[in-house]
Amino acid sequence: MDVVEVDRLRCDLSEFASDVFASLTRAGWQERAAAYLQGLMIDGRRKSIQPMAARLQGVHEQALNHFVTNSPWQVEPVRQRIAALADQAIGPAAWAIDDTGLLKCGTASPCVARQYTGTVGKVTNCQIAVSVSMVTDTASCPVDWRLFLPESWDPASPKATADVHARRRRAGIGDGVAHREKWRLALDMIDELLWWGHRPPLIVADCGYGDAAEFRHALTERRLPYLVQVSGRLTAYPAATTRTAGEYAGVGSYPTPRYHHAAPTLTELITTGPARPRRVTWRPGSRLRAGRQVLMSSHFVFTRVRPAGRTLLSAHRGEDLPECWLITEWPPGSPEPIKYWLSDLPATTAKRTLIRWAKLRWRIEHDYREVKTGLGLDHYEGRTWQGWHHHVTLVSAAHIFLTLQRLDPKTRAPE
């Protein structure tokens, strides 16, 4: 990169920081925010405060640490601006919900506990960060975050540790912060983004969220379309199944229409029915074969169903359960499907479109790799609730800055 390019980037970053951090009105805050972003983006093995300050010219470690850990600036206005920039620049096809584990060695970091994380595929000592990303096939950015508070950190929970009050006090966790399921944290972020004036074309998520009928029903109540991965153990009726009333006995009230048989699991419904997997190609992949991009394709079964379960039966008391799409990926040679999705998209939606959107969630995995390996998401060594939220907000700011640079045709090198 030549001197002119470096100067241009430095100018762009200064303008970006003035815009995104406009709510940080105290003297020096915007400059420290810009310095922190620069530290996150330049080369370096660790992106914690001490090594970043050492790499930055004219930046004092103590001042940078105070800005992130102790300065009382609010993350919401910054995130609101990040979301506006992402929505405008990316033009998201969906909002992707997911969570990632931030591995920790000690017990002092806020909300650290032994808990399962898909990051390593097992129970380990970690924090869990829940996020919402605005995504397309080619661009994405995490725009909002929540730190999952395990029950061991909630004084109202029977699973709370004996020293929970002392741990919360040291971490600066307010009395109003309690344990909430991850899907509820996701809804909190969705509601926040809606309040900021954004609306998703589609919500995509893995089965950690899709399996929660309450989550899917809450999206329906908000009139937000979804296409979420689920487990095969969920239950559903074939779409043709409707409630029926038994014969009138001649006395008393007339029988109420109801479902007379238990709903089968999704696995049972597909494997025992007349399933005929069809091959669907949804987009070009990143691998090359003979100089050409390999097309992404697999075999799928599409059927209309009525998801069941206590939550939905209660929510639709006195009426038939609503229909939705059940999509299953069933490669040749596999004894049963390997993935399942439910979606309330219209019955007329093209099959290829359903698969392209079902597979769109992969972009959030791309985000997590980028913010962890490149921008130091999991390098933060502070031990406060406020510091953690400041750090992840600054990481998102760095991410959207780099995304804007990639998407701006004026910054692209000539081919």
Test side-chain contact (heavy atoms from CB on, under 4.5 Å) applied to Tyr226 and Val204, step by step: CA-CA 6 Å; Tyr226 63 82; Val204 295; over 6 Å; no
Going by salt bridge (charged side-chain N to carboxylate O under 4.0 Å, His left out), name the residues that satisfy it together with [X], two or more places apart in sequence or in a different chain.
X	value
Arg369	none
Asp137	none
Asp154	none
Asp191	Arg222

Under a 3.5 Å cutoff, is there a donor and acceptor pairing between the side chains of [X] and [Y]?
X	Y	result
Thr242	Asp320	no
Ser297	Arg279	yes
Trp145	Ser396	yes
Thr119	Tyr368	no

With sequence neighbours excluded, residues passing ring-ring contact (aromatic ring centres under 6.0 Å, His included) with His379: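 So His379 forms no ring-ring contact (aromatic ring centres under 6.0 Å, His included) with any residue.
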Kindly state each residue pair satisfying salt bridge (charged side-chain N to carboxylate O under 4.0 Å, His left out) with at least one member in [range], sequence neighbours excluded.
range	value
residues 88-101	Asp98-Arg361
residues 36-49	Arg46-Glu381
residues 65-80	Arg79-Asp144

Check whether more than 12 heavy atoms from other residues, nucleotides or ligands sit under 6.0 Å from atom [atom1] of [X], and answer yes or no.
X	atom1	result
Gln62	CD	no
Arg243	CZ	yes
Glu319	CD	yes

Side chain Ser314, main chain Arg310, donor-acceptor under 3.5 Å: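 A pair under 3.5 Å: no.
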Is the closest side-chain heavy-atom distance between [X] and [Y] below 4.5 Å?
X	Y	answer
Arg167	Thr161	yes
Val280	Ser298	no
Leu394	Leu375	no
Asp367	Ser133	yes
Leu149	Val177	yes
Val130	Thr100	no

Any carboxylate oxygen within less than 4.0 angstrom of a Lys/Arg side-chain nitrogen, looking at [X] and [Y]?
X	Y	answer
Asp378	Lys104	no
Glu192	Arg146	yes
Lys359	Glu329	yes

Ring-face cation contact, Trp153 with Arg168, 6.0 Å cut, 45° max: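 Relative to the ring axis of Trp153, which defines the angle, Arg168 lies outside at least one limit.
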Centroid separation His66 to His60 less than 6.0 Å: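 No, they do not, as the ring centres are separated by 6.0 Å or more.
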Compile the donor-acceptor pairs under 3.5 Å between side chains in residues 321-328 and protein atoms, sequence neighbours left out, one pair per line.
from: Glu323; atom 1: OE1; to: Arg304; atom 2: NE; distance (Å): 3.4
from: Trp325; atom 1: NE1; to: Pro346; atom 2: O; distance (Å): 2.9

Pairs flagged by side-chain hydrogen bond (donor to acceptor under 3.5 Å, both in side chains) wherever residues 330-352 is involved - sequence neighbours left out: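 Applying side-chain hydrogen bond (donor to acceptor under 3.5 Å, both in side chains) to every pair that reaches into residues 330-352, excluding sequence neighbours, yields Thr267-Tyr340.
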Arg363 and Glu370: CA distance, side-chain angles, deciding distance, salt bridge (charged side-chain N to carboxylate O under 4.0 Å, His left out) verdict: CA-CA 11 Å; Arg363 278 299 309 192; Glu370 186 162 307; over 6 Å; no
side-chain contact (heavy atoms from CB on, under 4.5 Å) between Asp188 and Arg180, intermediate numbers included: CA-CA 10 Å; Asp188 291 343; Arg180 286 173 67 77; 3.0 Å; yes
Ring pair (Phe, Tyr, Trp, His ring centres under 6.0 Å) contacts touching residues 167-194 (sequence neighbours left out):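 Every pair satisfying ring pair (Phe, Tyr, Trp, His ring centres under 6.0 Å) with a residue in residues 167-194: Phe148-His179.
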Considering only distance and modelled atom types, tabulate donor-acceptor pairs under 3.5 Å from the side chains of residues 26-41, sequence neighbours left out.
from: Gln30; atom 1: NE2; to: Phe21; atom 2: O; distance (Å): 3.2
from: Gln30; atom 1: NE2; to: Leu24; atom 2: O; distance (Å): 3.4
from: Tyr36; atom 1: OH; to: His391; atom 2: ND1; distance (Å): 2.8

